[in-house]
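One structure is given here, and the rest of the page talks about it.
Heavy-atom basis, side chains included; hydrogens, waters and symmetry copies ignored. Atoms within each ligand, like the ligands themselves, are counted from 1 in listed order.
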Amino acid sequence: MFRIGSGIDFHQLVEGRELWLGGVLIPHTKGALGHSDADVLLHAICDALLGALCLGDIGVHFPDTSSEFKNIDSKILLRRTYELIENEGYKLVNADTTLCLERPKIKPFVESMQQVIAGILKVTIKDVSIKATTTEKMGFAGREEGLVAYATVLLQKRDF
Ligand code: MG
């Protein structure tokens, strides 16, 4: 039994915040604004995992009105999300993701992100694809006002 899920997340880019992407701290002049550490990539993956099993979305499970999640490391959110998936008897087959941002170039950090995500989701780095694109300077991402992440996941029912 297979289930597919998709997720998308947006955050503003502002000065005075750290830029966390895929669980990795990226040196940059701006960071993502949010209630948690605002890691768009991990949030998109969380929503894809939840979506695959029709479990709602990240806002349902980790509300941004809760002080419990203030500035929380999104790796914790991803770990807790994956526990929900495992509790339903499923495991990740693979994830394919895309980051949309103008700057900085994230290629030097992709393998570190893959390692972090694969570690949490108990797969190999070949099962976690991280792609990136600019928007050719168009729109809010092009003006560096914000960034977007898309994720698609495939889950498989575990054999017991
Ligand atoms: Mg988010």
To the Mg ion (ligand 1), the closest N, O or S atom belonging to Asp9 is OD2
Would you list the pairs meeting ring pair (Phe, Tyr, Trp, His ring centres under 6.0 Å) in which at least one residue belongs to residues 15-54, sequence neighbours left out?
His11-His43
Under 3.5 Å, which donor-acceptor pairs do the side chains of residues 105-118 form with other protein atoms, sequence neighbours left out?
{"from": "Gln114", "atom 1": "NE2", "to": "Ile125", "atom 2": "O", "distance (Å)": "3.2"}
{"from": "Gln114", "atom 1": "NE2", "to": "Val128", "atom 2": "O", "distance (Å)": "2.9"}

May I have the step-by-step check of salt bridge (charged side-chain N to carboxylate O under 4.0 Å, His left out) for Asp96 and Lys131, ending in yes or no?
CA-CA 8 Å; Asp96 183 23; Lys131 312 185 302 297; 2.7 Å; yes
Atom of His43 closest to the Mg ion (ligand 1), considering N, O or S atoms:
ND1
Calculate, to the nearest 0.5 Å, the distance between atoms CZ and CG belonging to Phe62 and Asp57 respectively.
10.5 Å
Metal check, the Mg ion (ligand 1) vs Asp39 N/O/S, cut-off below 2.8 Å:
no
